[in-house]
Amino acid sequence: MKPQSAEKIKFTKEFTKQEPIPEAGIKRALELMQTGRLHRYNTTDGEISEAVLLEKEYADYVGARYCLGLSSCGCAIYIALKSAGVSPGDKVLCNAFTLAPVPGAIENAGAVSVFVEITEDYLTDLEDLEKKAEQSGAEYFLLSHMRGHIADMDRVIEICGRLGITLIEDCAHTVGCRWGDKFTGTFGKAGCYSSQTYKHLNSGEGGLLVTDDPDVIAKAILFSGSYMFYERHLSRPSMEVFERHKKQIPNFSLRMTNLAAAMIRPQLADLDTQCRRWNRRYNLLETELTGADHIRIPKRLAKEGFVGSSLQFTLTGADLPGVQTFIETCGARGVEIKWFGAKEPVGFTSSWESWQYIKDRQPLPRTRKTLDFMCDFRIPLTFTMEDCKIVADVIKQVAEETFD
Ligand SMILES: *Cc1c(COP(=O)(O)O)cnc(C)c1O
């Protein structure tokens with residue numbers, strides 16, 4: 001039976017509307033504004049700033065030794081690379097399916113991105129990772145868990161260990177996600193998370209860096225712009241570690257504000273509940289779309305504890321003009337689908353071909369083919385389960401009209 005006869009379904013809600021900041025966050029933010037103490041080091045004797053408290057709570061949440069709050073995830077990645085030892089001219093492996101701030105962070109560190117193919121299931125192609133590691137001699141791998149798809153971390157760790165590669169994780173889309181029983185961001189030298197408005201925690205802008213390495217966190221704190229106040233951090237190693245680095249590390253002024261931390265703390269306390277709410281919506285959409293003509297949703301690996309805050313599917317039996325028509329028609333019916341197959345970068349969506357500041361980019365046919373047929377949309381928590389059902393119905397109806 002067809003989803004709904006000839007009548008064209010239309011969806012009217014915004015794909016970019018977030019939920020409000022929790023009351024406790026608003027209250028705390030207002031109190032801070034009343035005191036004027038918005039800077040993380042503007043504390044009186046014995047007072048502990050919001051940023052410091054958040055760092056302690058986030059490190060505890062993911063099970064890392066140390067955490068540092070920063071002004072964005074992009075700069076958390078940049079600082080993580082620098083603190084892990086990346087020097088100008090070094091090569092950094094990175095899966096090609098990622099967002100522009102990721103190669104941007106590599107560029108900012110003066111390093112060179114070496115892109116790795118992804119598979120039909122949107123995961124880093126681990127055979128290509130080995131190949132590119134050997135060809136390039138890169139000693140760093142910045143793994144971006146793009147759209148929350150988590151590659152086989154057991155194999156990633158094995159490959160990095162065997163080839164002597166330092167792993168840094170970009171967890172902008174995997175806040176609250178695990179591989180097995182371990183949080184993403186805790187598998188390598190450092191993990192970086194985002195609290196930018198469109199991610200799982202919302203403080204407008206913001207980033208968090210975690211590591212177990214005392215030298216990495218000391219350097220990161222110094223890079224972030226701690227002046228000589230690093231003793232006020234709770235999530236830090238002993239003062240001797242800072243002594244080693246304090247005159248060697250420039251101050252890049254990339255601190256998190258107390259206001260951002262005040263908004264994030266109550267959201268962190270609710271994060272697991274919010275992740276379950278995302279997954280209920282994702283599961284409904286996945287169930288509705290699975291088995292529909294021309295739509296393939298990749299299987300997830302068994303150990304992947306993902307959070308379905310967005311959904312990707314591949315159009316099958318379609319050609320490129322067909323994909324374009326499909327996406328335009330969905331858009332006209334209120335379902336905003338993002339496409340990494342477009343020739344020109346649009347909105348948040350650009351692909352590695354557009355990052356021309358990186359010289360030696362190699363063709364990536366497997367990634368290109370995957371992205372040409374991949375459709376991508378957000379699942380905001382402001383959507384009800386009924387909303388998700390309508391979105392699925394529109395997609396199925398448009399697929400049927402476009403390809404049959
Ligand atoms: C958003 C995003 C980032 C950067 O996060 P910001 O906090 O905006 O700097 C990094 N990686 C991915 C995959 C992202 O989507």
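In listed order, ligands and their atoms are each counted from 1. On a predicted model such as this, the values are computed, not experimentally measured, just so you know.
- Looking at Gln196 next to ligand 1, an N or O pair under 3.5 Å apart turns up.
- The pair Glu130-Arg162 meets the salt-bridge criterion, since a charged nitrogen lies less than 4.0 angstrom from a carboxylate oxygen.
- Listed by first then second residue, pairs satisfying salt bridge (Lys or Arg N to Asp or Glu O under 4.0 Å) with a partner in residues 376-388 read Lys13-Asp387, Arg147-Asp376, not counting sequence neighbours.
- By the criterion of a heavy-atom distance under 4.0 Å, neither the backbone nor the side chain of Cys75 is placed next to ligand 1.
- Salt bridge Arg366/Asp128: absent, no basic N to carboxylate O contact under 4.0 Å.
- Atom 11 (N) of ligand 1 has its closest protein heavy atom at Asp170 OD2, 2.7 Å.
- Looking at atom 15 (O) of ligand 1, its nearest protein heavy atom turns out to be His173 NE2, 2.5 Å.
- Contact annotation: Lys199 has at least one heavy atom less than 4.0 Å from an atom of ligand 1.
- Between Arg276 and Asp272 there is no salt bridge, since none of the side-chain N atoms of the basic residue sits less than 4.0 Å from a carboxylate O of the acidic one.
- Counting heavy atoms from C-beta on, the side chains of Val241 and Asp215 come closer than 4.5 Å.
- Relative ring orientation between Phe313 and Phe326 is described as perpendicular, the plane-to-plane angle rising above 60° on a 0-90° scale split at 30° and 60°.
- Of all the heavy atoms of His145, none lies under 4.0 Å from any atom of ligand 1, so neither backbone nor side chain is involved.
- Between the side chains of Trp339 and Thr349, no donor-acceptor pair is found at a separation under 3.5 Å.
- Closest to atom 5 (O) of ligand 1, if we only count protein heavy atoms, is Cys73 CB, 3.2 Å.
- Distances shorter than 4.0 angstrom do not occur between any heavy atom of Ala105 and any atom of ligand 1.
- Residue Val102 approaches ligand 1 through these ligand atoms, each under 4.0 Å from one of its heavy atoms: 10 (C), 11 (N).
- Residue contact annotation: Gly207 has no non-hydrogen atom under 4.0 Å from ligand 1.
- Residue contacts with ligand 1 for Ala172 involve side-chain atoms from C-beta outward but no N, CA, C or O (heavy atoms, distance under 4.0 Å).
- Ion pair Lys131/Glu127 not flagged as a salt bridge, since none of the NZ, NE, NH1 or NH2 atoms sits closer than 4.0 Å to an Asp/Glu carboxylate oxygen.
- Nearest non-hydrogen protein atom to atom 4 (C) of ligand 1 is Pro101 CG, 3.6 Å.
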